[in-house]
There are 2 protein chains.
Amino acid sequence: MRISEKPGAGVVQSVDRALALLEALAESDGGARLSDVARDLGLPVSTVHRLLTTMQMRGFAHHEPHSGRWVIGHRAFSVGETFAHHANLVGPARPILRALRDMTRETANLGVLESEEAVTIAQAESREIKRAIAPPGGRVPILNSGMGKAIIATWPDEAIRNLVERQGLRPMTSRSLGSLEEVMEEISRVRDMGYAVDNEEFVSGMRCVAAVVWSANGEPVAAISVSGLAARVTVARVPEFAGSVVQKAAELSKAISGAA
Amino acid sequence: MRISEKPGAGVVQSVDRALALLEALAESDGGARLSDVARDLGLPVSTVHRLLTTMQMRGFAHHEPHSGRWVIGHRAFSVGETFAHHANLVGPARPILRALRDMTRETANLGVLESEEAVTIAQAESREIKRAIAPPGGRVPILNSGMGKAIIATWPDEAIRNLVERQGLRPMTSRSLGSLEEVMEEISRVRDMGYAVDNEEFVSGMRCVAAVVWSANGEPVAAISVSGLAARVTVARVPEFAGSVVQKAAELSKAISGAA
DNA sequence: TGCCCTTTTTCCACATCGTGGAAAAGACAA
DNA sequence: TTGTCTTTTCCACGATGTGGAAAAAGGGCA
């Protein structure tokens, strides 16, 4: 991997080289020797050495004392890990949310759990009715939300009971879940169907259908939902909406795992 | 995170800054804005902008078109991944860690030794308490860590003495091991029990129970642990946790031996 | 042991390259 | 519209990165 390409305008040469170097280390299996990477990149050893020691000081590169080989450092690992958090969810999700909005004509949402609440992190608003359960950034109790229920339905029963015990239930409308039994029944319904419904449990007059989104490493990281006025998102049409939501949730799961 | 520290000798300023920038992006949840990181790092916006676009060209940083926020790029992720030639460990470990997390409700960890420190390479976070001893990529001195002790307990005494002599002890809390005698006693305890306990020896208030994972050819390659607040992971419950940890460690050992 | 060869590390003078102020271009809100 | 914010571009200056070359550190081999 020569560093052939001339440093495009407005690019910091040394940084560009350092990143190329990181990539070279990543490719080399079992670490690379200074002089080898230098040759591969077509750079003077002294230059590569300086870059490597700089990256070593920040833990992005690591010099194996025994083999004398350079490998990717732990810091590069921990920094890269955070890529898997939800910042990168939003990007791929947007076109999917828009498609979902256009299929259903209702508002499409993407949400995650954060400190035990469901948080909407992206949204494609209905073109017809500008009213959402929660605006982007808005928080809803997990058990009063379709997205929340879709996510925790993947948890073991024990964890769910625990959650209920820890934070209690907050019935906000007459239809909100009011007891642990109701919660467990509802959860088993969600598991059977493969999607969750918020049936006017947070705001009356608003209904919502949600499905879970899986990360590459098998964690339920988010949920996608469609929400709208109960008068339009009728009980009868829920299965229809659910089909679209489940499909799009699967699409997003795939998108965030596939992209490398 | 100011970049305060003067650029040590022999370090490339721009590269050092770029790496600090990556760390800042990683820390900021949900991305950071140009002017904010610039302020945080104490650097001119134009400089930060130049560094970011450089990193963007290589996919290490990514500019969310909608929110205008900068996040860690996919390349940083894929490069960081290779940190572990232990990759073949991490894959099989994930479902096992999740199961362990669900059995215990505490955070489950997988770690290896690297250049004489214990490094966490995978984790299933507790759903209830988001606080870990070390995040993925985090390093802990071997003798202040349950995982570290579990692994070196398989070494001959001579090698352990040698390690202690070479790197000394770093008592980080009042309970940390403080002398070679204490270490050897502790190690023999670990051997008797078949698991290691970090009893607030690295961070006070955090306790951890660990067991070793064996490779197909009988090398102690890793350790699995459960860690949590000392108030929840009480001394009385340690044997209970240990049962789960030992079981899961054995399961992983088997999984990585059976699989090619 | 001593010698030779390879690789890593340090050093330093030169000028390239990164720097950061400032101005321009956008982006929103009122 | 106008004002205030942020992002992006530009450019002259000199601090900073560069790479050749020399010194140091390994590592076989006899």
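Labels below follow one simple rule: chain letters A, B, ... track the order of the sequence lines, proteins then strands, and each chain is numbered from 1.
- Atoms CG (A:Leu52) and P (C:dT8) sit 10 Å apart, rounded to a whole Å.
- An end-to-end axis angle of 50° holds for the helix from C:dT1-D:dA30 to C:dA30-D:dT1, taken from five base pairs per end and rounded to 10°.
- The closest donor-acceptor contact from the side chain of A:Arg237 to the backbone of A:Arg232 lies under 3.5 Å.
- Checked by atom type and distance alone, the side chain of B:Arg191 pairs as donor or acceptor with a backbone atom of B:Ala153 at under 3.5 Å.
- When rounded to the nearest whole Å, the span between CE of A:Met55 and C1' of D:dG17 equals 15 Å.
- Among all heavy-atom pairs drawn from A:Val245 and A:Val226, the shortest one is CG2-CG2, 3.6 Å.
- No donor-acceptor pair under 3.5 Å is formed between the side chain of B:Asn109 and the backbone N or O of B:Thr120.
- A close approach under 4.0 Å does occur between a side-chain nitrogen or oxygen of B:Arg17 and OP1 or OP2 of C:dG20.
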Sugar-phosphate or base contact per nucleotide [nucleotides 3-8 of chain D; S, B, -; heavy atom under 4.0 Å]: ---SSB
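- A:Ser14 and B:Ser14 form a side-chain donor-acceptor contact under 3.5 Å, judged by distance and modelled atom types alone.
- Among the protein residues, A:Ser14 comes within range of the sugar-phosphate backbone only, with heavy atoms under 4.0 Å from sugar or phosphate atoms but none that close to a base.
- Across every non-hydrogen atom of A:Val212 and A:Ala249, the tightest pair is O-CB, 3.5 Å.
- Of the listed nucleotides (D:dG19, C:dG18, C:dT19), D:dG19 has the atom at the smallest distance from the side chain of A:Arg50.
- One can place CG of A:Leu43 at 18 Å from P of C:dT16, the figure rounded to the nearest angstrom.
- Proximity of A:Gln13 to the phosphate of C:dT16: no side-chain N or O atom is located under 4.0 Å from OP1 or OP2.
- Between A:Glu251 and A:Lys248 there is a salt bridge, since at least one side-chain N of the basic residue sits less than 4.0 Å from a carboxylate O of the acidic one.
- Computed from coordinates, the B:Leu21 CG to C:dT19 P distance equals 11 Å when rounded to whole Å.
- Taking 4.0 Å as the cut-off between side-chain N and carboxylate O, A:Glu23 and B:Arg75 count as a salt-bridged pair.
- Rounded to whole Å, atom P of C:dG18 lies 9 Å from atom CG of A:Asp16.
- Between the CZ atom of A:Arg39 and the C1' atom of C:dT8 there is a distance of 15 Å, given to the nearest Å.
- Ring orientation note: the planes of A:Trp70 and A:His63 are close to parallel, at an angle under 30° on the 30°/60° scale.
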